[in-house]
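Structure first, commentary second.
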Amino acid sequence: MRFLTFSLILILGSMAFGPVAQPAEAATGPGTQPKESWDKMQTFEYNIGRIAGGLELCRRYEMSREIQAIADLTPYGKLGMAKMRIFDGMRGCGGLAENAKSVLGDKEKLIEYMKIRHDCSRGDCLER
């Protein structure tokens with residue numbers, strides 16, 4: 001079951017990887033991009049965090065909280081949120097909201113996968 005869930009998440013992450021990679025104009029500055037050494041899933045998790053932080057900047061607070069609940073389950077998601085908080089605004093909020101809706105469409109599967117992959121019960125997230 002875990003392998004099936006992991007495989008499904010990797011497929012979903014790969015499909016969503018393209019549009020999520022550039023969530024909004026403010027997120028393309030130096031220091032906000034994922035590390036090249038990360039695998040696709042780590043990058044996807046990071047971008048979920050960037051979406052959560054970006055939605056906050058776009059004043060889409062309810063959607064931001066939903067995405068943040070997913071991003072909080074992984075160290076990469078938390079880092080992505082932190083990187084977005086340096087900005088005071090952004091353009092591209094409509095596209096960002098569409099990316100968020102895509103992620104939220106698989107919310108339960110993502111949460112299940114992240115809980116299997118990471119232990120964030122003590123505040124800091126550790127990969128299992």
Side-chain angles (χ1 to χ4, degrees):
M1 179 65 180
R2 285 184 178 181
F3 176 76
L4 180 62
T5 301
F6 178 73
S7 299
L8 180 61
I9 294 301
L10 281 178
I11 292 167
L12 292 171
S14 296
M15 289 179 354
F17 182 68
V20 175
Q22 298 296 330
E25 189 170 314
T28 62
T32 63
Q33 299 300 311
K35 294 181 180 179
E36 290 183 20
S37 62
W38 290 348
D39 64 33
K40 285 185 177 184
M41 204 58 213
Q42 291 167 328
T43 300
F44 182 67
E45 293 168 14
Y46 177 81
N47 287 329
I48 289 173
R50 287 177 34 189
I51 289 172
L55 287 169
E56 211 169 275
L57 292 171
C58 293
R59 297 186 176 113
R60 301 289 298 260
Y61 301 115
E62 185 175 330
M63 191 179 280
S64 176
R65 281 191 299 274
E66 286 187 76
I67 296 288
Q68 183 174 347
I70 298 169
D72 276 339
L73 298 173
T74 165
Y76 305 99
K78 288 181 177 192
L79 182 60
M81 281 188 295
K83 293 289 184 174
M84 290 302 293
R85 291 189 175 128
I86 63 172
F87 298 103
D88 58 4
M90 67 171 37
R91 289 185 276 167
C93 291
L96 188 62
E98 288 304 312
N99 286 340
K101 287 177 187 174
S102 173
V103 170
L104 289 173
D106 295 311
K107 179 179 176 178
E108 289 79 24
K109 293 174 189 167
L110 285 169
I111 289 172
E112 180 182 342
Y113 166 78
M114 303 234 186
K115 285 182 177 179
I116 290 169
R117 184 170 171 161
H118 305 285
D119 177 12
C120 299
S121 60
R122 297 186 180 110
D124 290 336
C125 294
L126 303 171
E127 286 196 56
R128 296 179 198 240

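Screening L104, L55, V103 for a side chain to side chain contact (heavy atoms under 4.5 Å, CB included) involving E66 leaves a single residue, L104. Checking K35, E45, H118, Q42 one by one against Y76, the side-chain hydrogen bond (donor to acceptor under 3.5 Å, both in side chains) holds for a single residue, Q42. If you run side chain to side chain contact (heavy atoms under 4.5 Å, CB included) between I111 and each of I116, L73, D106, only L73 comes through.
Residues R65 and Y61 have side chains that never bring a donor and an acceptor to within less than 3.5 angstrom of each other.
Atoms SG and NZ, on C120 and K78 in that order, are 5.0 Å from each other to the nearest 0.5 Å. L96 contributes atom CG, which lies 9.0 Å from atom CE of M63 (distance to the nearest 0.5 angstrom). Here the CZ atom belonging to R60 is positioned 12.5 Å from the CD1 atom belonging to I51, to the nearest 0.5 angstrom.
Side-chain N or O atoms of T43 include one that pairs as donor or acceptor with a backbone N or O of D39 at under 3.5 Å.
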Could you walk me through whether Q33 and Y46 satisfy the side chain to side chain contact (heavy atoms under 4.5 Å, CB included) test, starting with their C-alpha distance in whole Å, then the side-chain angles of each, then the deciding distance to 0.1 Å, before giving a yes or no?
CA-CA 9 Å; Q33 299 300 311; Y46 177 81; 5.9 Å; no
Walk me through whether F44 and T74 qualify under side chain to side chain contact (heavy atoms under 4.5 Å, CB included).
CA-CA 11 Å; F44 182 67; T74 165; over 6 Å; no
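A search for side-chain contact (heavy atoms from CB on, under 4.5 Å) contacts involving A71 returns I48, M81, not counting sequence neighbours.
For the pair R50 and P34, the tightest heavy-atom approach, listed with the atom from each and the gap, is NH1-CD, 3.5 Å. When every heavy atom of A100 is checked against every heavy atom of I67, the shortest pair comes out as O-CD1, 3.8 Å.
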